[in-house]
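Notes follow the structure.
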Amino acid sequence: MVFESAVYTDVTSDESVDRLDGFGFQAVSEGIDGADRAVIVSELLHVKSRSWPFDREETEHPPTAVYLRGEQGFYFSRGIATGKTNSGRSGNQLTQTVVTREEDDIHPYRPAQIWAARNWRLEKAPSSRSEKWFAPLEIDEAFEGEALIAMLREDPWAAATLPLYLSMLHAALDEPGTKVIVIHHDLELVLKWFAAGTLLLPPNDALALGCRAFATDPFRTTAQLVGVHPDLVTESFSGAHVIDLTKHSASEVPITPEAARIAAWVNDHDAFDAIEAAALGGRWMKATNAEVGGNGVEMVLGLRTVEAGRDEWEIGISLIEGLGEAGLRDDLELYFDELSDSIASYGVRSTDDAIRAARAARYAADTGVAGLAEAVLVPSLEALAADPTAASAWASELNASGGWQTIRLSEPERIADLFAELILGTTSHALPQLLRLAAPLSDNLPTQRLSPAIERAVSYLLDHPREVSNNITSWYDGERIVRHLRRSLLGELADRTLSHARLARELGDGAWDAIIDDGSPDSHTRALAQWREAARIGLQVPDNREEAIENSLKNAASDPSRARLQPAGWILAIGPEDDTEQVDPRLLALWVRRVGLNDSLREECSWLLAPVLQRHPKMTKTRDIKGWIELAKALITADPGNHDHLEAEARLTEILRGIPSAKNFAKDGFSSAVGFLTGRRHNDASDERERDE
């Protein structure tokens with residue numbers, strides 16, 4: 001809570017802090033270190049302008065004032081020309097500097113108001129140890145907020161120029177900034193305009209805005225806000241924004257919506273309210289926009305009458321979203337009651353409302369402000385429980401960043417009860433998203449009461465496997481959902497009366513990987529992995545399936561963690577199951593030899609062989625029947641002693657032998673042709689006899 005101080009001027013060795021003649025420090029307080037000295041010498045000293053006429057008294061040279069924010073703190077200086085040096089040379093000056101490490105030492109003022117502190121003494125100190133200044137500082141009344149606002153309001157030109165001036169200051173704070181130059185003979189008036197303008201900026205922006213008056217070269221100083229004495233003007237100010245207080249003129253610049261809003265507050269409200277609104281509004285309008293931030297400031301400060309309902313809710317929800325996204329946690333905490341009241345006045349009515357409310361709740365939760373997330377969630381959940389039409393959109397937005405699982409609620413019981421009501425009443429397609437969101441509330445949700453919703457979720461997911469996410473076990477009751485899904489899928493695969501084409505595609509394409517590759521040692525998980533391995537083979541083109549089977553078996557043999565093909569999986573790997581004409585008996589024979597035979601596959605093979613055994617040799621191709629014989633032999637090898645297989649092989653061999661050879665086919669064809677020609681000649685002779693008669 002202290003300002004360190006220093007005086008720099010022409011000194012004798014006896015006066016010098018460093019015991020050296022010439023320009024140097026005449027006095028420093030004990031907190032001024034070498035780094036501070038370097039900043040003072042390079043940035044804050046009074047400098048005589050090269051354009052100052054030789055025939056004018058040096059002591060008439062305009063004084064200077066500088067503010068800058070350095071690495072070690074906040075630096076202020078005031079300087080004057082003092083005439084001759086001790087050696088009789090011209091150009092002597094005296095600069096008094098103060099620095100504070102804490103911005104709280106400046107508050108509630110802005111840096112430009114510190115130049116009006118009553119502590120300034122532009123003279124040599126009584127000793128080499130200068131005095132510290134202790135905060136809070138006493139400021140000249142002419143630089144107090146009320147006097148500065150009155151200066152702007154009571155002068156019609158100043159009031160009309162204020163929106164332009166504020167727009168210039170906003171541009172100066174941009175990157176890269178445009179300098180603002182204020183012209184007048186009187187340093188105190190220039191500093192008042194510095195103070196008035198920065199008083200209507202957020203405190204952090206005012207602290208960041210470097211100031212210098214009077215500058216000898218406006219474009220060489222790092223300061224963004226520059227005061228220029230008319231007698232020191234040597235060049236054009238092209239490229240800068242200019243406020244000329246002597247001519248009552250200003251550069252034409254686009255007026256920002258934020259500047260217009262702040263200027264209206266200055267004109268419409270007393271000084272205290274205008275300054276408070278400007279400080280808060282500048283920050284909020286930057287985080288949101290002029291309308292949202294401005295309306296929000298007027299609402300929380302009571303500067304406008306807001307009707308309870310949609311309009312008030314719109315302001316509150318927009319503020320929470322914007323301020324939360326910008327990380328303005330302290331503001332949200334400070335105005336918690338006002339924001340909570342605004343949101344409670346209205347429940348969501350549309351999908352757009354639901355999305356807005358969810359986004360605000362998400363940002364509210366991220367801020368960590370106790371109770372703020374609930375303030376948004378409760379009215380939304382109450383409305384959605386009554387009409388869950390927008391529940392899916394709301395839930396999707398609420399977890400858009402994926403961080404909802406880590407929220408900390410101050411009243412989880414209340415939220416859990418509303419969540420349960422919504423989950424039970426919503427449509428099935430919204431359940432996956434809601435169950436994800438409900439996970440942090442698991443300890444407070446009624447398990448038995450929600451069982452019907454869990455069953456509906458399982459049924460929905462069986463038809464929409466792409467919504468089964470990798471973190472499904474982290475959903476509310478996720479373990480139970482996964483168990484139900486696994487059992488249902490295995491039951492469907494075991495039912496030979498069903499078509500498995502869709503399920504085969506889903507397994508092969510990875511749609512069910514989330515409940516297979518979760519590391520569970522469950523036997524159902526292993527069984528599904530085996531079915532999936534078969535389905536992946538089924539996705540191969542037929543000519544590649546033999547190689548795929550061999551590769552799968554090889555991989556499983558070398559890595560026990562890999563799923564091994566099982567006999568029943570043939571239906572997914574080498575089907576199709578509904579058309580025996582399309583079954584490749586050679587591939588099925590390979591499956592039996594390499595994968596194995598169980599009761600279900602034995603029955604399937606018998607069923608597939610049955611119509612083949614009834615074929616007539618003349619209606620059968622040799623290549624086809626050889627494939628079925630190969631299957632029969634594979635069955636005999638896998639199941640020795642089974643008379644059905646032996647009889648099947650015998651019958652197939654008989655059919656093969658009965659198939660006419662190519663020679664027989666040719667002989668039969670020749671005989672038929674001869675008979676046809678003979679019959680034709682006989683018919684032609686009869687026709688001739690008939691014509692002769």
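Since this is a predicted model, take the numbers as computed values, not measurements. Only heavy atoms go into these numbers, but all of them, side chains included; no hydrogens, no water, no symmetry mates.
Using a 3.5 Å distance cut-off with no hydrogens or angles, the side chains of S459 and E455 do not pair a donor with an acceptor. The closest side-chain donor-acceptor pair between E4 and T100, if any, does not fall under 3.5 angstrom. S520 and D518 are not linked by any side-chain donor-acceptor pair at a separation below 3.5 angstrom, with hydrogens and angles left out of the test. A side-chain donor from one of H170 and T256 sits under 3.5 Å from a side-chain acceptor of the other. A donor-acceptor pair shorter than 3.5 Å cannot be found between the side chains of D352 and S350. Using a 3.5 Å distance cut-off with no hydrogens or angles, the side chains of N295 and R304 do pair a donor with an acceptor. With 3.5 Å as the limit, one finds no donor-acceptor pair spanning the side chains of N399 and Q433. Neither side chain, N444 nor R414, offers a donor N or O lying under 3.5 Å from an acceptor on the other.
Qualifying ring pair (Phe, Tyr, Trp, His ring centres under 6.0 Å) partners for Y109, counting only residues two or more places apart in sequence or in other chains: none. By the ring pair (Phe, Tyr, Trp, His ring centres under 6.0 Å) test, F3 is found to be paired with no residue, residues two or more places apart in sequence or in another chain being considered. Partners of F237 according to the ring pair (Phe, Tyr, Trp, His ring centres under 6.0 Å) rule, which considers only residues two or more places apart in sequence or in another chain, do not exist here. A search for side-chain contact (heavy atoms from CB on, under 4.5 Å) contacts involving D341 returns nothing, not counting sequence neighbours. When the ring pair (Phe, Tyr, Trp, His ring centres under 6.0 Å) test is applied to F143, no partner is found at least two apart in sequence or on another chain.
For the pair R349 and Y346, the cation sits on the ring face: its NZ or CZ lies under 6.0 Å from the ring centre, inside 45° of the axis.
Pairs engaging residues 266-281 under the side-chain hydrogen bond (donor to acceptor under 3.5 Å, both in side chains) rule: none recorded [sequence neighbours left out].
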